[in-house]
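Worksheet for the structure shown next.
Convention: sequence-line order gives letters A, B, ...; per-chain numbering from 1.
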Number of protein chains: 2
Amino acid sequence: MGRPAGGEPRYAQVAADLRAAIQAGDFGEGAQLPTENALCERYGISRFTVREALRRLQAEGLIRRRRGSGTIVASPDQVLRQPLSDVAELLQYAAESEFQFKDCGTITLSGPRAEELGVAGGSQWLHLTGLRRMSPGGAAVAVTEVYINPALAAHVPGLRPGPETLFQQLARAGGFRVRQVVQNISAMAAGNAEAAALGIARRAPVLRIVRVYSDENGRVVEISVSSHPGDRFTYSMHIDQ
Amino acid sequence: MGRPAGGEPRYAQVAADLRAAIQAGDFGEGAQLPTENALCERYGISRFTVREALRRLQAEGLIRRRRGSGTIVASPDQVLRQPLSDVAELLQYAAESEFQFKDCGTITLSGPRAEELGVAGGSQWLHLTGLRRMSPGGAAVAVTEVYINPALAAHVPGLRPGPETLFQQLARAGGFRVRQVVQNISAMAAGNAEAAALGIARRAPVLRIVRVYSDENGRVVEISVSSHPGDRFTYSMHIDQ
DNA sequence: GAGTGGTCTAGACCACGTG
DNA sequence: ACGTGGTCTAGACCACTCC
């Protein structure tokens with residue numbers, strides 16, 4: 001039957017359970033996962049639901065599947081892997097790194113900057129700035145500018161660093177859901193402020209990732225602009241077929 | 001019944017049909033697509049198959065879906081959108097741009113370069129170099145180095161620019177299938193050769209995309225290294241939920 | 001041949017958006 | 001209230017891998 005239980009679909013619960021087991025090393029790297037039928041029995045659910053859960057894990061790059069061979073735990077790859085095919089994966093990345101920020105008041109986004117971000121020129125935004133590290137005290141992997149819709153001003157003082165991303169906290173506090181994230185990646189020369197924050201040379205190449213978060217009505221609720229040093233960050237993706 | 005017809009799954013045929021209709025403008029931008037049930041009747045297939053087809057189009061960013069509202073044609077966005085969640089989407093991008101290349105013989109990949117690409121040091125590769133433009137005669141959006149497994153040397157002279165990507169042509173000629181693509185994106189300063197080919201300043205920031213194509217046995221069949229001028233290229237993705 | 005994941009059917013109930 | 005897409009069941013046949 002199509003009951004979503006406590007609000008979360010059953011496949012999401014199963015996916016979370018398997019993800020935790022994989023990351024806890026219960027299966028081991030390269031090890032075989034239980035077959036679909038075994039998972040059906042273990043959780044008492046249909047194959048459809050098991051497959052939906054496994055589909056998510058595969059999209060995250062946690063598992064690899066092959067007809068005839070089975071499902072195996074993927075080898076955790078190289079540098080900084082940041083897969084991306086739905087919002088849940090963005091959260092995964094956020095939970096693995098450390099983010100510190102400070103409130104910078106209100107800012108008006110002007111001509112070229114507004115155009116770059118795809119917002120109306122002259123519009124007002126709440127402005128935060130932050131630094132992301134892969135480990136506490138480690139080298140910064142990103143400096144981030146965050147712009148928040150002023151309609152959400154009341155909830156900004158309650159924002160906390162932690163496993164929850166800013167947009168998750170905003171969504172919960174503001175009573176909306178993030179429905180779409182558009183992400184643009186480009187290469188540019190570091191500006192003075194970025195170079196100073198990251199400890200790199202001026203005009204050094206940086207990877208700039210702009211994310212625009214919109215809610216169900218198409219309202220832009222948050223924009224984040226992250227600049228990553230070219231030599232400390234690689235955006236990694238994989239496609240399996 | 002589970003018959004894959006002429007080799008291509010039915011949902012892929014339906015997806016291709018709908019994709020063609022959307023791109024031909026049969027529905028118009030922002031227009032409503034037929035409902036799932038309507039598509040079931042039109043194609044004489046089950047809802048499962050219709051949903052699998054729509055799932056692909058949604059991942060490509062061609063449509064947006066919402067419970068209660070229906071399915072609409074997404075507005076074609078900004079600059080150069082290169083979505084990516086399975087191999088089929090890589091092909092889409094390739095078909096929309098123009099790629100010219102020339103054969104440069106054999107090359108040995110040495111220490112740091114080999115490490116960057118994740119191949120054995122001292123291994124030999126066939127080397128091609130190419131230029132990609134969004135329109136014939138237009139400005140170059142990328143300079144590309146291609147390395148091909150020497151075991152496929154016999155098929156290299158048959159490679160042709162066109163709507164089919166190099167790895168598609170290699171797979172067909174070599175009788176294998178590309179099973180995995182790993183893609184790494186980083187920012188770096190342009191080298192002398194890249195700067196000259198792209199007509200940009202030396203040390204200008206470029207977006208470097210390294211793609212490693214592997215077949216079903218994990219054998220690396222092709223590696224492509226594309227360098228995009230920072231000011232002419234943006235890698236764009238979207239996530240809908 | 002046995003077992004895997006991939007495709008597909010014909011149903012069902014549900015949450016959500018729009019009237 | 002109604003129709004939409006989202007979740008879910010219990011089956012089935014198929015292509016593929018491995019023994």
Are A:Arg51 and A:Tyr11 in a cation-pi contact, defined as NZ or CZ under 6.0 Å from the six-membered ring centre and within 45° of the axis?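 Checked: cation-pi criterion not met.
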Taking the six-membered ring of B:Phe167 (Phe, Tyr or Trp), confirm whether the NZ or CZ of B:Arg211 is under 6.0 Å from its centre and within 45° of its axis.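 Pair B:Arg211/B:Phe167 does not count as cation-pi.
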Minimum side-chain heavy-atom gap A:Val156-A:Ile148 below 4.5 Å: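 They are in side-chain contact.
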Does anything in residues 40-53 of chain A come within less than 4.0 Å of DNA chain C? Heavy atoms only, and list the residues if so.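 A:Arg47, A:Arg51 - these, ordered by number, are the residues of the stretch whose heavy atoms sit under 4.0 Å from the strand.
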Between atom [atom1] in [X] and atom [atom2] in [N], what is the gap in whole Å?
X	N	atom1	atom2	value
B:Gln32	C:dT18	CD	P	10 Å
B:Arg65	C:dG17	CZ	P	15 Å
A:Arg55	C:dT7	CZ	C1'	11 Å
B:Glu36	C:dC16	CD	P	17 Å
B:Glu8	C:dC8	CD	C1'	16 Å
B:Arg64	D:dG6	CZ	P	12 Å
A:Ile72	C:dT4	CD1	C1'	13 Å

Using a cut-off of less than 4.0 Å, is there contact between a side-chain N or O of B:Tyr11 and OP1 or OP2 of C:dC8?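 Looking at the OP1 and OP2 atoms of C:dC8, neither is under 4.0 Å from any side-chain N or O of B:Tyr11.
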Report the residues that fulfil side chain to side chain contact (heavy atoms under 4.5 Å, CB included) with [X], sequence neighbours left out, ordered by chain and then residue number.
X	result
B:Thr108	B:Gln124
A:Ala114	A:Leu109, A:Val119
A:Ala12	A:Glu8, A:Pro9

Out of D:dG5, C:dT4, C:dC8, which nucleotide sits closest to the side chain of B:Arg10?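 Nearest to the side-chain atoms of B:Arg10, counting from C-beta on, is C:dC8.
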Taking salt bridge (Lys or Arg N to Asp or Glu O under 4.0 Å) as the definition, give me every residue that meets it alongside A:Arg47, ordered by chain and number, with sequence neighbours left out.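 So A:Arg47 forms a salt bridge (Lys or Arg N to Asp or Glu O under 4.0 Å) with A:Glu36.
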Shorter than 3.5 Å, N or O on both sides, protein versus nucleotides 17-19 of chain D: list them out with atom names.
from, atom 1, to, atom 2, distance (Å)
D:dT17, O3', A:Ser69, OG, 3.4

A:Gln32, CD: over 12 other non-hydrogen atoms inside 6.0 angstrom: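 Atom CD in A:Gln32 is crowded, with more than 12 foreign heavy atoms closer than 6.0 Å.
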Please report the closest heavy-atom contact between A:Asn149 and A:Val220, naming both atoms and the distance.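 In this case the closest contact between A:Asn149 and A:Val220 is ND2-O, 2.9 Å.
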